[in-house]
Every structure is written in C-alpha cells, then in structure tokens.
Amino acid sequence: MNFVLPAPPPRSEEELLLRARRLAGRKLGELAAERRMVVPADLRRAKGWAGMMLEQALGATAASRAVPDFPDLGIELKSIPVDPRGSPKESTYVCTAPLDGSMPRTWAESWACRKLQRVLWLPIVTAPGQAPGERIVGSAVLWTPDAEEDAILCADYESLTERIDLGEVWDLDARHGVALQLRPKGAHGEDFVWALDAEGQWVQTSPRGFYLRASFTGRVLARRLALPRG
DNA sequence: GACTGATCATGG
DNA sequence: CCATGATCAGTC
C-alpha cells in the first residue's frame, strides 16, 4: 500500500465512514508519516495542518474550493480538537458572513445551512500541551442537524442577519447567538470589508464569519455517540 | 477557565 | 485575492 499520494475519493458514504472509523485510535504523527508529511512541533504556524492531512488521508478533493470536501457525496469534513473527555476545545468555522446586504434572508437558503447539512466530524483527542503528532483520532460522527438543532441554528441565523441588516456593525460581535456566532475572520487585524451601516452609508469593518460554538458542537457529538442511531 | 477577537498557512 | 483549513493568545 502506497500512502504518499492523496487517497482516491471514496465512492460512497459507507466507504468514507469505513475509512474514517479505521482512523480512530491512530496518532496524527503515524498518519502523517504514511503520507510522508512533516509533523509540525506545534500548530501556531500550521493551524490547518491536521485538517488538511486528514482530508488527504480520507480522499477529500475540494481543498480550498467553495464546494463540499466530498463533492459527490455532499459531505463536509471538519476535524475538531476535543479534550480527553470529548468536549470540543474550539469553535468551528462555518463560512463567511456577507455584510453588504447580499446574504440570503432565510436560514434554509443560507450558505451556512447548506454547509451544515452533512458534516463528518472527526474529533482529535488533545490533552493539554500534547504535541500534534501525539494526538489521537477519535470516533467519527456523520451529522445532519435534527429538528431541534436546526431550529436553534435557524433562530440564531435570523437574529444575526437581522443585526447585520440593521447595519449596527459595532454590535456584530461574538457574544450573540446560542449555537451560531459571528467572529472576525481575516488574515490579520487590518483586513476589512465594506458594510452598509444603520444610516445606509458604506463603512469599513473587519470581515466576519459564522462559527459554531464549542458548547453546541459538544452536545451534537455527545448525543450522536450516546445514541448511534438516534 | 471560558470566551472573544486576532491570527497563520495553503491552494486555486 | 479569496476561500479553505483552523488555533492562538489576551482578556474577562
């Protein structure tokens, strides 16, 4: 078996899940070695390293393109750092939030909703201070929001987009939203986008993205792992 | 310790 | 340049 090249795309959901389950219990360092990838000493300058390595290992094809990681299956891959108890340590980036009035009015039409319709969560068990190569892949969860989760996300989306519509850009901060929140998303602090403010004037502000709070993701994972069919 | 705001790398 | 992959790091 030659692991150096990216794995071929999985032909079915079952094949993808099987591959993901086979990664459970393995160290990121081992998986990287099989792909002849260098393991960074820490992730300060390699924040997306685990996600990209796992994309390769699973045969994702859509890196850096605005389509799902597995386009034929309509599945998005998200690696998520969790502590040894399984609680996510970080929020999860979903997509950018347009501030120029171009965002869809309803949750169902939104880019965020579409991206979250089918997500393969791959927990990465990370103890405090543990080096990236020592971290262990956990149990994959293929998630589609259930009615309750969808309702929570929908309510957040509608209140956040209403705030964007009001044009109060100074108020577009991460404190709003139960599950979905708005956070800065840029290369650095000087990045900006144009936004329509409350007076209808174009103003500069930092780019924002939609993120899932760690508390929400934690509940999603815990429920699926406790009730594999529920 | 949790949370928000800031930041880093890569690919097309 | 922008979207994807996220985590860092200072503050509350």
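Quick caveat: nothing in here was measured; it's all calculated off a predicted structure. Letters go in sequence order (proteins before strands), and every chain restarts at 1.
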*Asks:* Any heavy-atom pair between the side chains of A/E76 and A/F70 that's under 4.5 Å?
*Replies:* no
*Asks:* Side chain of A/A174 only, please: which of B/dC3, B/dG5, C/dC8 is the nearest?
*Replies:*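 Shortest atom-to-atom distance from the side chain points to B/dG5.
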*Asks:* Expressed as a whole number of angstroms, how long is the span from A/M52:CE to B/dG11:P?
*Replies:*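 Rounded to the whole Å, the gap is 7 Å.
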*Asks:* Quick one: which of C/dC8, C/dT4, B/dG5 gets closest to the side chain of A/R44?
*Replies:* C/dC8
*Asks:* Starting at atom CG of A/D42, determine the distance to atom P of B/dA9, rounded to an integer number of angstrom.
*Replies:*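 After rounding, the gap between these two atoms is 11 Å.
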*Asks:* Under a 3.5 Å distance rule, please check whether A/S110 uses its side chain to pair with a backbone N or O of A/P104 as donor and acceptor.
*Replies:*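 Side chain of A/S110 to backbone of A/P104: no pair is present.
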*Asks:* From the list B/dG5, C/dT4, C/dC8, which nucleotide is the closest neighbour of the side chain of A/D173?
*Replies:*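 Nearest to the side chain of A/D173 among the choices is B/dG5.
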*Asks:* Give a yes/no answer on whether the side chain of A/Y93 brings an N or O atom under 4.0 Å of OP1 or OP2 in C/dT4.
*Replies:*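 So the side chain of A/Y93 is within the cut-off, an N or O lying under 4.0 Å from OP1 or OP2 of C/dT4.
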*Asks:* Within the structure shown, what part of the strands sits under 4.0 Å from A/G48 by heavy-atom distance: base, sugar-phosphate, or nothing?
*Replies:*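 The answer is base, as A/G48 lies within the cut-off (heavy atoms under 4.0 Å) of a base atom.
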*Asks:* Which is it for A/F210 and A/Y93 under the ring-ring contact (aromatic ring centres under 6.0 Å, His included) test, yes or no, and what are the steps along the way?
*Replies:* CA-CA 6 Å; A/F210 287 111; A/Y93 173 65; 9.5 Å; no
*Asks:* Side-chain contact test, heavy atoms from C-beta onward, threshold under 4.5 Å: evaluate it for A/L28 versus A/V39 and give yes or no.
*Replies:* no
*Asks:* Indicate, with a heavy-atom threshold strictly under 4.0 Å, whether A/E76 touches base, sugar-phosphate, or nothing.
*Replies:* sugar-phosphate
*Asks:* For A/R45, which contact category applies under a 4.0 Å heavy-atom criterion: base, sugar-phosphate, or nothing?
*Replies:*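 Result for A/R45 = sugar-phosphate.
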*Asks:* To the nearest Å, how far apart are A/D171 CG and B/dG5 P?
*Replies:* 10 Å
*Asks:* In whole angstrom, what separates A/K185's NZ from B/dC8's P?
*Replies:* 13 Å
*Asks:* So among A/L196, A/V169, A/V193, which one has a side chain to side chain contact (heavy atoms under 4.5 Å, CB included) with A/V203?
*Replies:*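 Filter result, single survivor: A/V169.
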*Asks:* Assuming nearest nucleotide by heavy-atom distance, tell me which of A/Y211 and A/R65 is located more 5' along DNA chain B.
*Replies:*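 It is A/Y211 whose nearest nucleotide is closer to the 5' end.
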*Asks:* Looking at every strand, decide which applies to A/K78 at a 4.0 Å heavy-atom threshold: base, sugar-phosphate, or nothing.
*Replies:* sugar-phosphate
*Asks:* On DNA chain B, compare the nucleotides closest to A/E190 and A/S215; which residue's is nearer the 5' end?
*Replies:* A/S215
*Asks:* Should the side chain of A/K89 and the base of C/dT7 be counted as holding a donor-acceptor pair, with the cut-off at 3.5 Å?
*Replies:* no
*Asks:* Rounded to the nearest 0.5 Å, what separates atom CG in A/D42 from atom NZ in A/K47?
*Replies:*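 Going from CG on A/D42 over to NZ on A/K47, the span is 10.5 Å.
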*Asks:* For C/dT4, take OP1 and OP2 only and decide whether either is under 4.0 Å from a side-chain N or O of A/K115.
*Replies:* yes
*Asks:* Taking CG from A/L77 and P from C/dA3, how many angstroms apart are they, rounded to a whole number?
*Replies:* 20 Å
*Asks:* Using a heavy-atom cut-off of 4.0 Å across all strands, would you classify A/S91 as base, sugar-phosphate, or nothing?
*Replies:*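 Base, at least one base heavy atom under 4.0 Å.
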*Asks:* Please report the distance, rounded to the nearest Å, between CD in A/E90 and C1' in C/dC8.
*Replies:* 7 Å
*Asks:* Within the pair A/R208 and B/dG5, is there a side-chain N or O less than 4.0 Å away from OP1 or OP2?
*Replies:*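 No, no such contact exists.
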*Asks:* Out of B/dG5, C/dG5, B/dC3, which nucleotide sits closest to the side chain of A/R213?
*Replies:* B/dC3
*Asks:* Grab the CG-P distance between A/D191 and C/dC1 for me, whole Å please.
*Replies:*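 Between P of C/dC1 and CG of A/D191: 9 Å.
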*Asks:* Give the rounded distance in Å between these two atoms: CZ of A/F70 and P of C/dG5.
*Replies:* 10 Å
*Asks:* If you only use heavy atoms from C-beta on, which nucleotide in C/dG5, C/dA3, B/dT4 is closest to the side chain of A/Q181?
*Replies:* B/dT4
